[in-house]
2 protein chains.
Amino acid sequence: MGVTKSEIFTDAQNKIATLAKAFAHPARVAILHQLFKSETCICGDLVHEIGLAQATISQHLKELKNLGLIKGNIEGTSVCYCINEKKWQEMKQLLTTFFNQEIKLNCC
Amino acid sequence: MGVTKSEIFTDAQNKIATLAKAFAHPARVAILHQLFKSETCICGDLVHEIGLAQATISQHLKELKNLGLIKGNIEGTSVCYCINEKKWQEMKQLLTTFFNQEIKLNCC
DNA sequence: ATTATTAATCGTAATATTGCAATAAACGAA
DNA sequence: TTCGTTTATTGCAATATTACGATTAATAAT
C-alpha cells in the first residue's frame, strides 16, 4: 500500500495531478520563477541563487523536464534551461479550466 | 535528507507549493471534481463514487479542509462537504498569476 | 437501552519524495 | 594530454505520503 491507484481515476484527473506536482515543491516553484524573470538560465546560476546542492537542483530540473515544462540546451560545459512555452500554455489551459469550474450546489 | 527546506524559499513560493499539493493527487482532484459537479456532497457518497476506502477519502478530505479549500457541515450522522468559494478564488488568483508570468528571455 | 449508520482517528505497511556526498561524463582551456 | 569547470547520475538516509483495517465517537432509528 502507499501506491496511488491511478487506474481508478480518469485520464484528466491523473494529468492534472501529474502537472500539479511540478508546483508542489517550493524548489521547483523557485526554479520556474527564476527561469521566467532571470536574464540568465544557466543551471549553475540556479544552484547559486536557490541555495540547494547541485545534485538536488539537477534532480528538480529533470522532473520539470520530464513533464515537458522546461527544455534544456547544452552550451559548451553549461546547460541553459528555458520554459517550454507550448507546454506551459497547455498546462495553464488544463489547470485554469479546472479552477474555473462552476459550483452547482453549495449547501454549507 | 528528505526534509523540504522551506526556510530558504519565499513565502509566496512556499504558499504556491502548499496549495499545489491539493491538486497533486488524483484522489483529491476527483473529490474536488465531485464537489463541483455533484448534486450531493456527502462524504459517504464520495467514498462510494471514487472507490477508495473510507479512511483514505477521509484523510484526503482532511487535507483539503486544512488548506481551507473545502468546508464541512455535520448533518446528523453524515457530513456534507462543499467548496470554500472564498479560499478557492484566493488560490486561483495566486496560481494563475504564477502561470501568467511573462517570459523575459527565451534562449533555447 | 440497543443497534445500525456514518465519519474521524489510530496504527501500520508500503511507496514516494527530498537532499546531498561522491562519482562520472562531457567539454573547454592551457 | 592534463586540468579545471559544469552538469548528470548513483547510492543512500531521512522524511512524507498514500492506503487501509480496526477502532472510536456521535447520532439516528428501533
Side-chain angles (χ1 to χ4, degrees), chain A residues 1-9 13-14 17-31 34-35 40-67 70-82 108, chain B residues 1-9 13-14 17-31 34-35 40-67 70-82 108:
Chain A
M1 296 115 206
V3 215
T4 295
K5 296 187 164 177
S6 308
E7 68 280 4
I8 70 171
F9 305 108
Q13 286 162 352
N14 282 316
T18 300
L19 284 173
K21 274 180 196 153
F23 314 109
H25 193 284
R28 290 190 291 272
V29 174
I31 287 172
Q34 282 293 325
L35 294 189
T40 167
C41 51
I42 303 299
C43 176
D45 294 340
L46 293 170
V47 173
H48 191 260
E49 294 208 48
I50 293 173
L52 288 172
Q54 181 266 323
T56 308
I57 296 290
S58 192
Q59 199 175 319
H60 284 302
L61 284 167
K62 190 181 177 182
E63 286 172 59
L64 291 172
K65 206 175 160 188
N66 286 342
L67 288 173
I70 64 172
K71 49 189 172 177
N73 221 33
I74 298 170
E75 292 187 356
T77 54
S78 30
V79 177
C80 168
Y81 282 101
C82 289
C108 317
Chain B
M1 299 136 198
V3 215
T4 295
K5 295 186 164 176
S6 309
E7 68 280 5
I8 71 170
F9 305 108
Q13 286 162 351
N14 282 315
T18 301
L19 285 173
K21 273 180 197 155
F23 314 109
H25 194 285
R28 290 191 290 272
V29 174
I31 287 172
Q34 283 292 325
L35 294 189
T40 167
C41 51
I42 303 300
C43 176
D45 295 339
L46 292 170
V47 172
H48 192 261
E49 295 209 48
I50 292 174
L52 287 171
Q54 182 266 322
T56 308
I57 296 289
S58 193
Q59 200 173 318
H60 284 301
L61 285 168
K62 190 180 177 185
E63 287 171 58
L64 291 172
K65 206 175 162 190
N66 286 342
L67 288 173
I70 64 173
K71 49 189 172 178
N73 222 34
I74 298 169
E75 291 186 357
T77 54
S78 31
V79 178
C80 166
Y81 282 102
C82 289
C108 317

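Here the structure is a predicted model, which is why all the values come from computation and not from measurement. We name chains A, B, ... by the order of the sequence lines, and we start the count at 1 in each one.
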Once you round it to whole Å, what is the distance between [atom2] of [N] and [atom1] of [X]?
X: B:I74; N: C:dA7; atom1: CD1; atom2: P; value: 11 Å
X: B:L46; N: C:dT6; atom1: CG; atom2: P; value: 14 Å
X: B:H48; N: C:dT5; atom1: NE2; atom2: P; value: 14 Å
X: A:K65; N: D:dA8; atom1: NZ; atom2: P; value: 7 Å
X: B:Q59; N: D:dT17; atom1: CD; atom2: C1'; value: 8 Å
X: A:N73; N: C:dC27; atom1: CG; atom2: P; value: 14 Å
X: A:H60; N: C:dA16; atom1: NE2; atom2: P; value: 17 Å
X: A:L61; N: D:dT6; atom1: CG; atom2: P; value: 16 Å

Taking OP1 and OP2 of [N], is either one under 4.0 Å from a side-chain nitrogen or oxygen of [X]?
X: B:Y81; N: C:dT6; value: no
X: A:S58; N: D:dA8; value: yes
X: B:T77; N: D:dA26; value: no

What contact category does [X] fall into here, base, sugar-phosphate, or nothing, at under 4.0 angstrom with non-hydrogen atoms?
X: B:L52; value: sugar-phosphate
X: A:E63; value: sugar-phosphate
X: A:A53; value: sugar-phosphate
X: A:T56; value: base

- line: Residue pair A:F9/A:Q54 against DNA chain D: nearer the 5' end by closest nucleotide is A:Q54
- prompt: Shortest non-hydrogen contact from B:F23 to B:V29?
  reply: O-CG2, 3.4 Å
- request: Please report the closest heavy-atom contact between A:A53 and A:V47, naming both atoms and the distance.
  value: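 Closest heavy-atom pair between A:A53 and A:V47: C-CG1, 4.4 Å.
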- request: Taking only heavy atoms on the protein side, list every residue of residues 19-30 of chain B lying under 4.0 Å from any atom of DNA chain D, sorted numerically.
  value: B:H25, B:R28
- request: Output yes when a side-chain donor or acceptor of B:T56 lies under 3.5 Å from a complementary backbone atom of B:L52, and no otherwise.
  value: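 No: the side chain of B:T56 does not pair with the backbone of B:L52.
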- prompt: Donor-acceptor pair, A:N73 side chain versus A:C80 backbone, under 3.5 Å?
  reply: no
field: A:I74, CD1 atom: more than 12 neighbouring heavy atoms under 6.0 Å
entry: no
Partner set under side chain to side chain contact (heavy atoms under 4.5 Å, CB included) for A:K65, not counting sequence neighbours: A:I70, A:Y81
task: Scan residues 21-30 of chain B for pairs that pass salt bridge (Lys or Arg N to Asp or Glu O under 4.0 Å), counting only residues two or more places apart or in two chains.
output: B:R28-B:E63
- prompt: Out of C:dT9, D:dC20, C:dC20, which nucleotide sits closest to the side chain of B:K62?
  reply: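 Closest nucleotide to the B:K62 side chain: C:dT9.
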